Amino acid sequence: PYYTYVTHTPPRNIDGTTTHYYAYAADTFRVTQKLTVDAGLRITRIPSLYDPINLTNFDPSVPGTGQVIISSDPRSLAATQPLWAQSVNACNSPNQIPNYAGPDPSIPCTPFLTSEQAGWPKQLRNVYTHFSPRLGFAYRFADNKTVVRGGIGIYEVVTLGAIFNSVAGIHDGFQGNFSNTGVGDAGFFRFPDVLNNATNAFVGSQSFFTANQRNKKDPYSIQWNLSVEREIFRNTALRVSYIANRANQLTWSPNLNQPPILADGSVGEKPFPLWNRIRIRAGGAISTYESMQTELIHKYSNGLTFQSTWTWAKNLTDVESWPRSSFSGEITGDKMDLYHMHADYGNTGGTRKHRWITTVVDELPIGKGRRFLGNANGVLNGIVGGWQLSTILLVQSGPYDTPFIDFDSSGNAALGGFNRPDLAGNPNDFHHTRTQFWNPNVFACPGFPAGTGLSDNTLNCSSLPNG
């Protein structure tokens, strides 16, 4: 074969363990006959998953090279792949990496330390204790038809599995790419070389996917609501609610090795030239949700039940998944610009500004004991009786949408994968059709006039400078 690919896997299965600690206290206070108050406190401490051999993290605090942190268990150092150490020019002191010839002395080496040597926790990430209070109340007016309810609380989401997996099997796992060509005449046969001269083991070829910020905080949200409920007539009630939450420390994933844009508009040097890309999961993203919800509900009566709800909502965040296909999970949120992390703050595509949904179930008045054919028995009642008419009506506004270019059009996208086009007008100032919702002529490849790179309603920047 012309090329050989050899994957060096970790010496054992990745097996993370941890112990969770929880405590919760709550009480209900009947302040008066009309006022009830609920209060509670939840305490959690959930250390990150730990594996004694397979953990690797990146510390950006060392300028120019950063430093690699591994578990302190001696088996972790023994499992280090020498080709991986070669590709990052790892220092061979204070730790001697087995079967590694040592760093290139002509360039700086990357410090390679255990967690104990670096003063890091064994999980390679700090552990925090969460205190989450909750408070709620309900007040009933004298007519027994109107109730006001409200509440506020803090809720945390501990990130475990995906965060752990991102730093597992890095220094002790490596796929070497070897070229078997260039020896003798054309057609010369050579056995695969899987030991020397890997084509992806040179300095600057290795990326770190994906580090964890050492002091990454777990995401949490502050949620609050206020509702007024009123019984209009028997079995029918109206509810109007204000519901909101603010989420903090959401996870995003910038590229720490993104070169800066200099004052003259040119692309600067990478912060860590010994590496290709350094993706890190970090805390700091935010979201804010506010909504007014109006609900009219009729409980089952005379064969009829219905519920009609209208929601008027606004949801802003700087960590929506790209390309805006869904809500972000616990670890998504790649950032296009390391140096302007909150620049993406805006409406999310998944939340509709207006949403009205109505459900109705009505039992038809036919069959035994009903208005029509009330004396029906046996087979006849089995055929005509017990039928229901049900319907669901959904009316909602369209999603917010943001166009993306699905490759690195500027030479500076976070992971070489996506960027946004320039905008030179209002794309909605256009006659909308089913197949053409935006005006494509107001978009352009970054740095070029509107319409540049546009052909058949497709924006292609790959043939342009920096494309």
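All heavy atoms count here, side chains included; hydrogens, waters and symmetry mates do not. Please read these numbers as outputs of a predicted model, since none were measured by experiment.
Here the side chain of Asn57 pairs a donor or acceptor atom with the backbone of Asn212 at under 3.5 angstrom. Listed for the Gln81 side chain is no donor-acceptor partner under 3.5 Å among the backbone atoms of Gly173. Side-chain atoms of Gln436 come within 3.5 Å of backbone N or O of Trp438 as a donor-acceptor pair. Between the side chain of Trp224 and the backbone N or O of Ile243, no donor-acceptor pair lies under 3.5 Å. Using a distance-only test at 3.5 Å, with no hydrogens or angles considered, no donor-acceptor pair links the side chain of Asp59 to the main chain of Val68. A donor-acceptor distance shorter than 3.5 angstrom exists from the side chain of Thr317 to the backbone of Val319, with no hydrogens or angles considered. Put simply, the side chain of Asn95 never gets that close to the backbone of Leu77: no donor and acceptor are under 3.5 Å apart. Checked by atom type and distance alone, the side chain of Ser72 pairs as donor or acceptor with a backbone atom of Glu116 at under 3.5 Å. A distance-only check finds a donor-acceptor pair linking the side chain of Gln249 to the backbone of Gly284 [under 3.5 Å].
Relative orientation of the Trp312 and His354 rings is parallel, given thresholds of 30° and 60° on the angle between their planes. Taking the six-membered ring where the residue is Trp, Phe272 and Phe58 present perpendicular rings, their angle passing 60° and hence far from 30°.
With a 6.0 Å radius and a threshold of 12 heavy atoms from other residues, nucleotides or ligands, His342 has its NE2 atom above the threshold.
For the pair Lys217 and Tyr128, the distance from NZ or CZ to the six-membered ring centre is under 6.0 Å and the angle to the ring normal is within 45 degrees.
Of all non-hydrogen atoms in Leu274 and Pro108, the two that sit nearest each other are CD1-O, 3.2 Å.
Under the 6.0 Å cut-off for aromatic ring centres, Phe430 and Phe437 do not qualify, their centroids lying 6.0 Å or more apart.
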